[in-house]
Visitor: 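Structure in structure tokens, see below.
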Amino acid sequence: MRVLVAGGAGFIGSHLCESLLHSGWEVVAVDNLITGRLANLASLLDHPRFTFIQHDITEPLDLDVDAIFHLASPASPVGYRRHSIETHLVNSLGTFHLLQLARRRSARFLFASTSEVYGDPQIHPQPETYHGNVNPVGPRSCYDESKRFGESLTMEFVRTFGLDARIVRIFNTYGPRTDPGDGRVVPNFVMRALRGEPLVVYGDGKQTRSLCYVSDMVRGIRLALELEGLAGEVINLGNPDERTVLELAQLILELTGSSSPVTFAPQRPDDPVRRCPDIAKARRLLGWEPSVNLREGLRMTIAYFAGTLDHAPAPGA
Ligand code: NAD
Ligand code: UDP
């Protein structure tokens, strides 16, 4: 089997490439490195079944592949604000090009969507049947709305051409190889704790997130593509262990043994107040649920960031 991983030099994409290679697949990673890093693929570049192609998927491409994982998109709020137009385009035009490639090659297709399609949810926890509460013109909309468009386009290829495509809605994921400067909460808090700098909480810190360790996420993504009979399915993937941002800050301080203070800054516009996946469908269709608990996952993540301290950029704002 030859598989394309779009966004393969990113955080989740690089772990996915590694996992697929371990299982004997031939892997082609395509990435324009807008938020990804070639360093994430350092241990794979010489692998005989691995190829890296630097390419922007908003331009057409042709490759002989049996399956496509489409993970290409800036993912952190700081990243997609910085690259807002590119985010719109990769999830719309980029998705279109990859869907066309899948159709030409009769390849199976997976679109990595996001819990952000639920916006600031009014239903809790969020099941796949919830249609969301998104501000279509707010500062997060380049991401939320383009992912919603990508989902819609993917479903049109299923309905119109019978493409075997699946959609996963990924909830907050963390772990080694997250870009320490990408501004997400785990890298920011861990890097600041390790450096003895203040952990800055936006708002009152009572907003919640549910954090999934990357190895669990990769296992879920693979099942969602590899299992038979899931064309047109939309599946939440995330860890339902819901925590406040303040709780997370305190846990990271405890695990790093840091005496950094916690300070407060204004809430980000449209920052979702509560987020937690309903994973009943993933349990039923994939037999999947996360197995790495937050303490264990944070310990592995802290060890990774501690190893990058000498050359890492400052945490993102
Ligand atoms: P990431 O930024 O580390 O990885 C995304 C990769 O896509 C990067 O390597 C980037 O360079 C590449 N890319 C972006 N635009 C591209 C383009 N036009 N052409 C080719 N490559 C391009 O982010 P991540 O956390 O690994 O996220 C991977 C996917 O999962 C994204 O689609 C994201 O929306 C989705 N997701 C992630 C999370 C999370 O918590 N990590 C949550 C929800 C959804
Ligand atoms: N956050 C914070 N301090 C930081 C980074 C993030 O308080 O240094 C908060 C942010 O306001 C949000 C939550 O942590 O409520 C998760 O933010 P992140 O950027 O990781 O991703 P999001 O879930 O918002 O996409």
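As the structure is a computational prediction, the values presented were derived from the model and not from experiment.
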Visitor: Would a 4.5 Å heavy-atom cut-off, applied to side chains only, mark Asn236 and Ser115 as touching?
Guide: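 They are not in side-chain contact.
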Visitor: Measure the spacing between CZ of Phe157 and CG of Leu98 and express it to the nearest 0.5 Å.
Guide: 10.5 Å
Visitor: Tell me, which pairs form a salt bridge (charged side-chain N to carboxylate O under 4.0 Å, His left out) where one or both residues lie in residues 2-27, sequence neighbours left out?
Guide: Arg2-Glu26, Glu18-Arg177
Visitor: Using modelled atom types and a 3.5 Å cut-off, is there a donor and acceptor pairing between side-chain atoms of Arg222 and backbone atoms of Ser19?
Guide: yes
Visitor: Would you indicate whether the side-chain heavy atoms of Asn172 and Ser210 approach each other to under 4.5 Å?
Guide: no
Visitor: Who are the side-chain contact (heavy atoms from CB on, under 4.5 Å) partners of Ala112, not counting sequence neighbours?
Guide: Leu71, Ile170
Visitor: Look at the side-chain heavy atoms of Ile, Leu, Val, Met, Phe, Trp and Tyr, link any pair under 4.5 Å apart, and say whether Val5 and Val218 land in one connected group.
Guide: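 As far as the 4.5 Å side-chain criterion goes, Val218 and Val5 are connected within one cluster.
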Visitor: If you look at every heavy atom in Pro277 and Gly238, which pair is closest and at what distance?
Guide: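 The pair with the smallest heavy-atom distance is CG-C, 3.7 Å.
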Visitor: Please round to the nearest 0.5 Å and tell me the distance separating atom CG of Asp56 and atom NE2 of His97.
Guide: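 Asp56 atom CG to His97 atom NE2 measures 9.0 Å (nearest 0.5 Å).
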Visitor: Compare all side-chain heavy atoms of Phe111 with those of Thr95 and state whether any distance is below 4.5 angstrom.
Guide: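 Yes. Closest side-chain heavy atoms under 4.5 Å.
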Visitor: Would you call Asp31-Arg37 a salt bridge at under 4.0 Å N-O?
Guide: no
Visitor: Can you list the other members of the hydrophobic cluster that holds Leu89, where links are side-chain heavy atoms under 4.5 angstrom apart?
Guide: Ile85
Visitor: For residues Leu285 and Ile235, determine if any side-chain heavy atom of one lies less than 4.5 Å from a side-chain heavy atom of the other.
Guide: yes
Visitor: Measuring only between side-chain heavy atoms, which start at C-beta, is Leu248 closer than 4.5 Å to Leu298?
Guide: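 SC-SC contact between Leu248 and Leu298 confirmed.
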Visitor: Side chain of Ser113, backbone of Arg169: donor and acceptor closer than 3.5 Å?
Guide: no
Visitor: Using a strict 4.0 Å threshold on nitrogen-to-oxygen distance, state whether Glu145 and Arg148 make a salt bridge.
Guide: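 Yes, this pair counts.
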Visitor: Salt bridge (charged side-chain N to carboxylate O under 4.0 Å, His left out): which pairs involve residues 245-267, sequence neighbours left out?
Guide: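 Qualifying pairs: Arg243-Glu247, Glu254-Arg295.
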Visitor: State, to 0.1 Å, how close Leu199 and Arg192 come at their nearest heavy-atom pair, and which atoms those are.
Guide: CD1-CB, 3.9 Å
Visitor: Any side-chain heavy-atom pair from Asn32 and Ile57 closer than 4.5 angstrom?
Guide: no
Visitor: Quick one: are Asp179 and Phe11 in side-chain contact, heavy atoms under 4.5 Å?
Guide: no
Visitor: Cut-off 3.5 Å, side chains only: do Asn91 and Ser73 have a donor facing an acceptor?
Guide: yes
Visitor: Hey, quick one: are Val28 and Leu45 part of the same hydrophobic cluster, counting side-chain heavy atoms closer than 4.5 Å, chains of contacts allowed?
Guide: no
Visitor: Under 3.5 Å, side chain of Thr178 to main-chain N/O of Tyr174, donor-acceptor pair present?
Guide: no
Visitor: List, by chain and number, the other hydrophobic cluster members for Tyr143, where Ile, Leu, Val, Met, Phe, Trp and Tyr join if side-chain heavy atoms come within less than 4.5 Å, directly or indirectly.
Guide: Tyr80
Visitor: Determine, using the 4.5 Å side-chain heavy-atom cutoff (strictly less than), whether Leu21 and Ile53 are members of one ILVMFWY cluster.
Guide: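 No: no chain of side-chain contacts under 4.5 Å links Leu21 to Ile53.
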Visitor: Would you check, one step at a time, whether the test side-chain contact (heavy atoms from CB on, under 4.5 Å) holds for Leu44 with Phe52?
Guide: CA-CA 9 Å; Leu44 309 183; Phe52 175 72; over 6 Å; no
Visitor: Looking at Ala107 and Ala67, what are the two nearest heavy atoms and their distance?
Guide: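 It is CB-N, 3.8 Å.
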Visitor: Cluster partners of Phe171, using ILVMFWY side-chain heavy atoms under 4.5 angstrom, listed by chain and number?
Guide: Val117, Tyr118, Ile123, Tyr130
Visitor: Do you reckon Leu153 sits in the same ILVMFWY cluster as Leu225, going by side-chain contacts under 4.5 Å, direct or chained?
Guide: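 In one cluster with Leu153: Leu225, no.
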Visitor: To the nearest 0.5 angstrom, please state how far the OH atom of Tyr213 sits from the CE atom of Met300.
Guide: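 Answer rounded to 0.5 Å: 4.0 Å.
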Visitor: Run the ring pair (Phe, Tyr, Trp, His ring centres under 6.0 Å) test against His83 and tell me which residues pass, sequence neighbours left out.
Guide: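 His83: no ring pair (Phe, Tyr, Trp, His ring centres under 6.0 Å) contacts found.
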Visitor: Scan residues 108-119 for pairs that pass salt bridge (charged side-chain N to carboxylate O under 4.0 Å, His left out), counting only residues two or more places apart or in two chains.
Guide: Arg108-Asp164, Arg108-Glu228, Glu116-Arg140, Glu116-Arg275
Visitor: For residues Thr208 and Glu242, is any side-chain donor paired with an opposing acceptor at under 3.5 Å?
Guide: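 Result is yes, a qualifying pair exists.
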Visitor: Starting from Ile167, can I reach Leu237 by hopping between I/L/V/M/F/W/Y residues whose side chains sit under 4.5 Å apart?
Guide: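 The answer is no; the residues belong to distinct hydrophobic clusters.
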Visitor: Among Val234, Leu110, Leu163, Leu99, which residue meets the side-chain contact (heavy atoms from CB on, under 4.5 Å) test with Thr154?
Guide: Leu99
Visitor: Among pairs that include at least one residue of residues 278-294, which meet side chain to side chain donor-acceptor pair (under 3.5 Å), considering only residues two or more places apart or in two chains?
Guide: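 The answer is Asp216-Ser291, Glu233-Lys281, Arg283-Glu289.
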Visitor: When rounded to the nearest 0.5 angstrom, what distance separates CG in Asp144 from CZ in Phe149?
Guide: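 Rounded to the nearest 0.5 Å, the CG-CZ separation comes to 15.5 Å.
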Visitor: Where is the tightest heavy-atom contact between Gly8 and Leu41, given as atom of each residue plus distance?
Guide: O-CD2, 3.3 Å
Visitor: Please list, chain by chain and in numerical order, all residues satisfying ring pair (Phe, Tyr, Trp, His ring centres under 6.0 Å) with Phe264, sequence neighbours excluded.
Guide: none
Visitor: Does either side chain, that of Asn133 or that of Asp120, offer a donor lying less than 3.5 Å from an acceptor on the other one?
Guide: no
Visitor: With a 4.5 Å heavy-atom cut-off, do Gln54 and Leu33 have their side chains touching?
Guide: yes
Visitor: Determine whether a donor-acceptor pair (N or O, by modelled atom type, separation under 3.5 Å) exists between the side chain of Ser76 and the backbone of Asp182.
Guide: yes
Visitor: Nearest 0.5 angstrom please: Leu93 CG to Glu86 CD, how far?
Guide: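 Going from the CG atom of Leu93 to the CD atom of Glu86 covers 12.5 Å.
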Visitor: What are the two closest non-hydrogen atoms of Val200 and Phe189, and how far apart are they?
Guide: O-CE2, 3.5 Å
Visitor: Which pairs, with at least one residue in residues 59-76 and sequence neighbours excluded, count as a salt bridge (charged side-chain N to carboxylate O under 4.0 Å, His left out)?
Guide: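 For residues 59-76, and leaving out neighbouring residues, the salt bridge (charged side-chain N to carboxylate O under 4.0 Å, His left out) pairs sorted by first residue read Asp62-Arg104, Asp62-Arg105, Asp64-Arg105.
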Visitor: For the residue pair Ile34 and Pro74, what are the closest heavy atoms and their distance?
Guide: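 Looking at all heavy atoms of both residues, the shortest contact is CG2-CG, 4.5 Å.
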Visitor: For the pair Cys142 and Arg81, evaluate side-chain contact (heavy atoms from CB on, under 4.5 Å) and give the outcome as yes or no after the intermediate values.
Guide: CA-CA 8 Å; Cys142 60; Arg81 283 304 311 139; 4.2 Å; yes
Visitor: Could you walk me through whether Val201 and Thr263 pass the side-chain contact (heavy atoms from CB on, under 4.5 Å) check?
Guide: CA-CA 6 Å; Val201 168; Thr263 61; over 6 Å; no
Visitor: Side chains of His124 and Gln126 only: does a donor on one sit below 3.5 Å from an acceptor on the other?
Guide: yes
Visitor: Would you sort out whether Leu294 and Leu211 count as a side-chain contact (heavy atoms from CB on, under 4.5 Å), showing the intermediate values?
Guide: CA-CA 7 Å; Leu294 187 59; Leu211 295 164; 4.0 Å; yes
Visitor: Main chain of Leu246, side chain of Gln207: is a donor-acceptor contact present, judged purely on distance under 3.5 Å?
Guide: no
Visitor: Could you list the residues that satisfy ring pair (Phe, Tyr, Trp, His ring centres under 6.0 Å) with Phe109, not counting sequence neighbours?
Guide: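 Expected list: none.
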Visitor: For the atom pair CZ (Arg195) and OG1 (Thr256), what is the distance rounded to the nearest 0.5 Å?
Guide: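 Between atom CZ of Arg195 and atom OG1 of Thr256 there are 13.5 Å.
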